[in-house]
> 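Got a structure for you, written out below as structure tokens; questions coming shortly.
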There are 2 protein chains.
Amino acid sequence: MNNKENFVNKLRSSGLRPTKQRIEICKALYDREKTFHFTIMDLAKILKRKSREKISLATIYNTVFAFKKKNYLKEISINKNKSYFDTNVSSHHHFFNESSNELIDLKKSDVGRVNIKRKIPGKKIKSVEVLVRISD
Amino acid sequence: MNNKENFVNKLRSSGLRPTKQRIEICKALYDREKTFHFTIMDLAKILKRKSREKISLATIYNTVFAFKKKNYLKEISINKNKSYFDTNVSSHHHFFNESSNELIDLKKSDVGRVNIKRKIPGKKIKSVEVLVRISD
DNA sequence: CACTACTTTAGAATCATTATAAAGTAGAAA
DNA sequence: TTTCTACTTTATAATGATTCTAAAGTAGTG
Ligand SMILES: [Mn+2]
Ligand SMILES: [Mn+2]
Ligand SMILES: [Zn+2]
Ligand SMILES: [Zn+2]
């Protein structure tokens with residue numbers, strides 16, 4: 001389904017040249033069944049293992065931020081030392097397992113409607129996201 | 001109300017020696033009417049302005065983390081480059097104004113009850129917090 | 001093939017945070 | 001008060017993630 005051809009097309013149609021580095025990164029990110037939550041360092045390690053040729057850390061940063069700008073990745077802030085990225089770019093809620101430092105997506109139906117009653121004059125709501133911290 | 005005597009007592013009863021640096025930091029943090037949301041750099045600037053004697057950045061870090069450990073401050077993660085601290089240590093929700101990078105507390109009554117329907121076997125819920133991003 | 005804009009890369013720079021270790025101080029005891 | 005010690009502050013160095021730089025490489029076009 002998400003084969004190389006797809007990635008090439010998607011990149012090209014986004015104005016990003018389908019370089020071999022970007023295709024490798026696409027495979028690592030999107031060639032999986034479930035949402036992937038990762039840090040830059042997670043991704044760097046995966047690429048080091050899976051990919052034959054070395055991809056420089058600078059390129060990993062460049063690509064992740066390029067994908068974020070194109071809305072193919074979403075950045076999630078959980079704590080100051082780790083910045084997480086998420087292949088699920090929709091507005092959604094999370095469990096954060098503090099024992100394993102792992103993020104888990106919550107579906108809309110897992111959380112009852114969140115009703116924000118207070119308004120701030122002149123401001124618009126951009127997103128409403130719930131973070132549920134869990135541990136053993 | 002929150003005069004120097006109170007701070008001295010509170011520090012001493014927490015096993016923290018009431019040094020003049022810690023008292024100055026207490027004044028900056030707690031001698032105010034509303035919840036205070038700040039970054040370390042915010043606090044450093046305030047202390048530089050308000051306090052006669054210089055307090056080293058190392059001491060500001062040490063004290064903020066000592067207060068966090070004693071549960072006199074809560075750390076809030078909004079984005080990777082800024083770590084916010086909050087003088088409201090209860091579990092509560094926030095607006096985050098993306099135009100001004102400002103946090104605003106939401107009261108319990110400002111948000112309808114958040115109902116987490118999904119359970120993770122063997123895990124306990126530690127907190128449920130809502131972040132509402134707003135902008136102009 | 002030739003050209004150009006985009007891309008990758010190693011390495012340096014930056015900057016918030018953390019660690020180090022020496023000097024200073026609060027509190028307790030003598 | 002004086003002494004003692006553990007705690008605290010401080011300047012400074014180290015760390016480490018991220019960003020920047022500038023040179024070499026490459027995709028796409030004609
Ligand atoms: Mn935290
Ligand atoms: Mn962000
Ligand atoms: Zn997610
Ligand atoms: Zn708050």
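Labels below follow one simple rule: chain letters A, B, ... track the order of the sequence lines, proteins then strands, and each chain is numbered from 1.
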> Can you tell me the distance, in whole Å, between the CD atom of A:Glu53 and the P atom of C:dT7?
18 Å
> Which nucleotide in the set D:dG28, C:dT8, C:dT17 lies at the smallest distance from any side-chain heavy atom of B:Leu57?
C:dT17
> Does a side-chain N or O of A:Ser83 approach OP1 or OP2 of D:dA17 to a distance below 4.0 Å, or not?
no
> Report the distance from atom CG of A:Asn62 to atom P of C:dA10, rounded to the nearest whole Å.
12 Å
> With the threshold set at 4.0 Å, does a side-chain nitrogen-carboxylate oxygen contact exist between B:Lys74 and B:Glu129?
yes
> Within a reach of under 6.0 Å around NZ of A:Lys34, are more than 12 heavy atoms found that belong to other residues, nucleotides or ligands?
no
> Do A:Arg118 and B:Ile104 have side-chain heavy atoms sitting under 4.5 Å apart?
yes
> Tell me which one of B:Phe38, B:Tyr61, B:Phe67 satisfies ring pair (Phe, Tyr, Trp, His ring centres under 6.0 Å) with B:Phe85.
B:Phe38
> Round to the nearest Å and state the distance from B:Lys69 atom NZ to D:dT8 atom P.
11 Å
> Look for any protein N or O under 3.5 Å of an N or O in nucleotides 1-4 of chain D and output each such pair with its distance, or none.
none

> Are OP1 or OP2 of C:dA10 and a side-chain N or O of A:Lys54 less than 4.0 angstrom apart?
yes
> For D:dT8, does either OP1 or OP2 sit under 4.0 Å from a side-chain N or O belonging to B:Arg22?
yes
> Considering only NZ, NE, NH1 and NH2 on the basic side and carboxylate oxygens on the acidic side, decide whether B:Lys123 and A:Asp136 come within less than 4.0 Å.
yes
> Just how far, in rounded Å, is P of C:dT17 from NZ of B:Lys68?
12 Å
> Given atom CZ of A:Phe65 and atom P of D:dT18, what is their separation to the nearest angstrom?
7 Å
> NA contact type, A:Thr59, heavy-atom cut-off 4.0 Å: base, sugar-phosphate, or nothing?
base
> Does any non-hydrogen side-chain atom of A:Glu53 lie less than 4.5 Å from one of A:Lys20?
yes
> Taking CD1 from A:Ile60 and C1' from C:dT7, how many angstroms apart are they, rounded to a whole number?
15 Å
> With side chains defined as the heavy atoms from C-beta onward, is the minimum distance between A:Asp86 and A:His92 less than 4.5 Å?
yes
> Map B:Arg12 and B:Ile40 onto DNA chain C by nearest heavy atom, then report which one ends up closer to the 5' terminus.
B:Ile40
> Taking the nucleotide of DNA chain D with the closest heavy atom to each, which residue, A:Met41 or B:Gln21, is nearer the 5' end?
B:Gln21
> Rounded off to whole Å, could you give me the CD1-to-C1' distance for the B:Ile78 and C:dA16 pair?
18 Å
> Can you tell which of C:dT8, C:dT7, D:dT19 lies closest to the side chain of A:Leu16?
C:dT7
> For B:Tyr61 and for A:Arg17, find the nucleotide of DNA chain C with the closest heavy atom, then tell me which residue's nucleotide is more 5'.
A:Arg17
> If I take atom CD in residue A:Glu24 and atom C1' in nucleotide C:dT7, what distance separates them, rounded to the nearest angstrom?
16 Å
> Among D:dT8, D:dA11, C:dT9, find the nucleotide with the atom closest to the side chain of B:Ala58.
D:dA11
> For the NZ atom on A:Lys124, are there more than 12 heavy atoms of other groups (residues, nucleotides or ligands in this structure) within a distance under 6.0 Å?
no
